[in-house]
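All remarks here apply to the structure that follows.
As the structure is a prediction and not an experimental result, all values here were calculated from the model. For the numbers below, each heavy atom of this structure counts, side chains included, while hydrogens, waters and symmetry mates do not.
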Amino acid sequence: WNSVIGIAREIAALTGNPLKIPGIRDQRSGEKVQDLVAVRIEDAELCPRYTARVVKGVKIGPSPEWLRSTLEKVGIRSINNVVDVTNFVMMEIGQPLHAFDYHLVARASRPCDQTGTHGQDARATIIVRRATQGEKFKTLDNVERTLSADTLLIADEQKGIALAGIMGGQNTEINDHTKDVLIESAYFNPTNIRRTSKMLGLRSESSYRFERGADVGICDWASRRAAQLIL
């Protein structure tokens with residue numbers, strides 16, 4: 001009941017009418033996402049599935065009128081074309097998404113080479129881990145929060161970049177200079193999201209859905225749908 005397609009699925013079951021969902025074109029480039037992003041899940045119990053997709057060459061700006069008005073009708077403020085797409089897909093299919101500025105996600109350091117110099121991995125690194133007790137993190141609402149060891153954090157090699165399933169961080173948010181976008185579509189443990197949301201006093205459209213149990217089977221579909229709409 002937390003998405004348009006979810007409601008349509010219920011109606012289809014009751015009436016016997018066929019369920020219609022948007023078709024998605026295959027828009028993969030020759031470049032593999034594995035060459036752009038490394039994902040490391042350190043707590044598979046709290047995050048059994050994490051998908052990452054990269055869309056290159058975006059131009060950040062206001063959303064078209066149809067997208068702005070659609071979101072505003074359900075009480076969501078328009079922010080920019082990329083963030084609005086992630087919110088649109090969430091309301092459409094019930095899968096919360098998050099968009100990072102790809103170039104603000106830190107790269108991993110490579111071990112010393114034969115010359116004795118350290119290199120840097122060309123790939124952005126996403127780490128899904130528990131926060132350390134007392135770790136500080138500033139969310140998109142400009143509030144610095146103190147986390148507990150039970151908090152699931154999306155991080156890179158240097159810092160936290162999002163409160164898993166609840167809210168992103170200021171340090172990797174989409175901005176006017178963003179050129180490449182990393183789309184997160186994942187499944188997070190409902191009990192953990194609910195506990196963290198309550199502890200921090202932070203509710204969001206995303207946490208509302210994750211704490212009730214999202215569909216682990218639609219992560220990739222939602223990610224591809226968002227990429228298509230962004231393109």
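Remark: side-chain polar atoms of Thr139 are paired, donor with acceptor, to backbone N or O of Val143 under 3.5 angstrom.
Stacking of Arg107 on the aromatic ring of Tyr102 is recorded, both the 6.0 Å distance cut-off and the 45° axial limit being met.
Residue pairs meeting the salt bridge (charged side-chain N to carboxylate O under 4.0 Å, His left out) criterion with at least one member in residues 14-26, sequence neighbours excluded: Asp26-Arg28. For the ring-ring contact (aromatic ring centres under 6.0 Å, His included) condition, the pairs that include at least one residue of residues 197-219, sequence neighbours left out, are Phe188-Phe210.
Lys159 and Glu135 are not joined by a salt bridge, as no carboxylate oxygen comes within less than 4.0 angstrom of a charged side-chain nitrogen. Under a 4.0 Å N-O distance rule, the pair Glu42/Arg40 qualifies as a salt bridge. Electrostatic pairing of Lys179 and Asp101 does not count as a salt bridge here, judged by no charged N lying under 4.0 Å from a carboxylate O. Taking the charged nitrogens against the carboxylate oxygens, Glu31 and Lys56 do have a contact shorter than 4.0 Å, which makes a salt bridge.
Side-chain heavy atoms closer than 4.5 Å link hydrophobic residues (I, L, V, M, F, W, Y) into clusters, and following such links, possibly through other members, connects Ile93 to Val82. Using a 4.5 Å cut-off between side-chain heavy atoms of Ile, Leu, Val, Met, Phe, Trp and Tyr, with links allowed through other members, Val74 and Ile79 fall into the same hydrophobic cluster. Hydrophobic clustering (side-chain heavy atoms under 4.5 Å, transitive across Ile, Leu, Val, Met, Phe, Trp, Tyr) keeps Val181 apart from Val37. Placement of Ile5 and Met91 within a single hydrophobic cluster is found when ILVMFWY residues are connected by side-chain heavy-atom separations under 4.5 Å, directly or transitively. Val216 and Ile126 are members of different hydrophobic clusters when ILVMFWY side chains are connected at heavy-atom separations under 4.5 Å.
Remark: the Asn142 side chain and the Gln170 side chain contain an N/O donor-acceptor pair separated by less than 3.5 Å. Donor-acceptor pairing under 3.5 Å is lacking for the side chains of Asp150 and Ser148. Checked by atom type, the side-chain pair Ser78/Asp84 shows a donor-acceptor distance below 3.5 Å.
Note that the OG atom of Ser185 and the CE atom of Met90 stand 12.0 Å from one another [nearest 0.5 Å]. Distance check: Thr146 OG1 to Leu200 CG gives 9.0 Å after rounding to the nearest 0.5 Å. With values rounded to the nearest 0.5 angstrom, Glu211 atom CD is found 8.5 Å from Ile193 atom CD1. The CG atom of Asn87 lies 12.0 Å from the OG1 atom of Thr70; values are rounded to the nearest 0.5 Å.
With sequence neighbours excluded, the residues satisfying side chain to side chain contact (heavy atoms under 4.5 Å, CB included) with Leu46 are Asp43, Arg130, Leu152, Asn189, Asn192.
Within a 6.0 Å radius of CD in Glu144, other residues, nucleotides and ligands contribute more than 12 heavy atoms.
Looking at Ile183, Ile154, Ile174, Asn171 one by one, the single match for side chain to side chain contact (heavy atoms under 4.5 Å, CB included) with Phe100 turns out to be Ile154.
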